[in-house]
Chemist: 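Sending over a structure as structure tokens; questions will come in a sec.
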There are 2 protein chains.
Amino acid sequence: MFDAAIPPASARERIAARGGRVTRTRLVVLELLQCSEHPLSHDEIGDALAAAGVAHDRVTLYRTLDWLVEQGLARRIAGGERAWRFEAVRDAAHRHAHFHCDRCGQVVCLEGLEPAPATGLPSGFHVDRAELVLHGSCAACGLGSEAGRVR
Amino acid sequence: MFDAAIPPASARERIAARGGRVTRTRLVVLELLQCSEHPLSHDEIGDALAAAGVAHDRVTLYRTLDWLVEQGLARRIAGGERAWRFEAVRDAAHRHAHFHCDRCGQVVCLEGLEPAPATGLPSGFHVDRAELVLHGSCAACGLGSEAGRVR
DNA sequence: GCACCAAATGCTACAATGTTGCAAGACGAC
DNA sequence: GTCGTCTTGCAACATTGTAGCATTTGGTGC
């Protein structure tokens, strides 16, 4: 479940390398993202911070995440609901699709499924990045019976 | 770029065919979506309603759009910001990708670019639909110079 | 170890988007 | 035209995210 290839210690180095101050919030949030196998919402991160005994408020968390995204340490993805989700960036060049369970709202990463390259774009348009999100039901919610449903 | 195959008059029939009452709000909203070449946000639809002299309030518009989506007459897409955007469904089987301009927030449809089929999914997962959103800058905002930017 | 300063944080207030409950009004069948 | 039910409009609230500002803290120089 944890990504053993990236020891938690590197979080401190990665933060310092960007010229940012190594604060407990940044440290814990980045370690959390690095250890999570799926993108986390603000709520989930906030709960984890509370569980870890790190004092924080909503605004600080927003700013911490903004900073991580700005520094290229985390990525922001649209979770389907109107809340963002965040994941650690392991390899800036590597991108992958996401699966959003319409039942439980959970988002999982789909390694090995890269968004298709852009083709057929009107002239003048410049593509920065592509986001591919599959919607349906995850294994835990499994509802094959409602397959035909259109949304 | 308008879909001449579906004259505005059919909006009334499509609503009635679903067993719903034909109200001015539903009629105007559906016609608006059918005539628009790109997905519209609540705000844009609300402004158009006001311009058309149709009384309405925010909640009614939300419910009207919910109803249209529920009936398969409209589709809801995540616009990048935390607000939904809506587009008319012309052909339930036909899907296309969208382009979101990170500058002006505008969303345009990319006909001819279907989301890639789902592969490499964990077992037990069931895909209902795929959403492919390209991010970048549209022709009007054209900012080729900031191409390397990571978000 | 101590002082200092810019960077982070925490707090309050606010904005935007969306939802719920309920009474009043309008559509459509008769 | 009457009537029942579906829609609407209103008010209040929930969630997600931002802005301004005083306070605290990390990190640097001494």
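In what follows, chains carry the letters A, B, and so on, assigned in the order in which the sequence lines appear, proteins first and then strands, with residues in each chain numbered from 1.
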Chemist: Can you list everything that forms a salt bridge (Lys or Arg N to Asp or Glu O under 4.0 Å) with A:Arg26? Sequence neighbours excluded, please.
Modeler: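 With neighbours one apart ignored, the set is empty.
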
Chemist: Could you pick out which residue, B:Gly20 or B:Asp57, lies toward the 5' side of DNA chain D when each is mapped onto its nearest nucleotide?
Modeler: B:Gly20

Chemist: Check this one for me: any side-chain N or O of B:Thr60 less than 4.0 Å away from OP1 or OP2 of D:dG9?
Modeler: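 Answer is yes, contact under 4.0 Å.
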
Chemist: Clusters formed by hydrophobic residues whose side-chain heavy atoms approach within less than 4.5 Å: which one holds A:Val133, and what are its other members?
Modeler: none

Chemist: According to side chain to side chain donor-acceptor pair (under 3.5 Å), who are the partners of A:Thr23, at least two apart in sequence or on a separate chain?
Modeler: none

Chemist: List the residues meeting side chain to side chain donor-acceptor pair (under 3.5 Å) with B:Asp57, not counting sequence neighbours, and say none if there are none.
Modeler: B:Thr60

Chemist: Taking 5' to 3' order, which nucleotide of DNA chain C is first and which is last to have an atom within less than 4.0 Å of a heavy atom in chain B?
Modeler: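 Answer, 5' to 3': C:dT17 to C:dG28.
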
Chemist: Quick one: salt bridge (Lys or Arg N to Asp or Glu O under 4.0 Å) partners of B:Asp47, sequence neighbours excluded?
Modeler: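 Residues passing salt bridge (Lys or Arg N to Asp or Glu O under 4.0 Å) with B:Asp47: none at all.
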
Chemist: Protein within reach of the bases, or only the backbone? For nucleotides 14-24 of chain D, mark each nucleotide 5' to 3' as B, S or -, using heavy atoms under 4.0 Å.
Modeler: --BBBBB----

Chemist: List the residues meeting side chain to side chain contact (heavy atoms under 4.5 Å, CB included) with B:Arg18, not counting sequence neighbours, and say none if there are none.
Modeler: B:Arg14, B:Trp67, B:Gln71, B:Leu73

Chemist: Side chain to side chain donor-acceptor pair (under 3.5 Å) with B:Ser41: which residues, sequence neighbours excluded?
Modeler: B:Glu44

Chemist: Which of parallel (below 30°), tilted (30 to 60°) and perpendicular (above 60°) describes A:His94 and A:His96?
Modeler: tilted

Chemist: Between the main-chain N or O of A:Arg95 and the side-chain N or O of A:Arg75, is there a donor-acceptor pair closer than 3.5 Å?
Modeler: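 Checking the backbone N and O of A:Arg95 against the side chain of A:Arg75, no donor-acceptor pair under 3.5 Å is found.
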
Chemist: Have a look at the helix from C:dG1-D:dC30 to C:dC30-D:dG1 and give the angle its two end axes make, five pairs each, rounded to 10 degrees.
Modeler: 30°

Chemist: If you round to the nearest 0.5 Å, how far is OG1 of B:Thr25 from CG of B:Leu68?
Modeler: 10.5 Å

Chemist: Which residue pairs pass the ring pair (Phe, Tyr, Trp, His ring centres under 6.0 Å) test with at least one member in residues 14-57 of chain B, sequence neighbours excluded?
Modeler: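 Pairs touching residues 14-57 of chain B that pass the test: B:His42-B:Tyr62, B:His42-B:Phe86.
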
Chemist: Using heavy atoms and a sub-4.0 Å distance, could you list which residues of residues 22-30 of chain B are near DNA chain D? By number, please.
Modeler: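 The answer is B:Thr23, B:Thr25, B:Arg26.
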
Chemist: Roughly how far apart are B:Leu134 CG and A:Arg129 CZ, rounded to 0.5 Å?
Modeler: 10.0 Å

Chemist: Indicate yes or no: at least one non-hydrogen side-chain atom of A:Cys109 is less than 4.5 angstrom from one of A:Glu87.
Modeler: yes

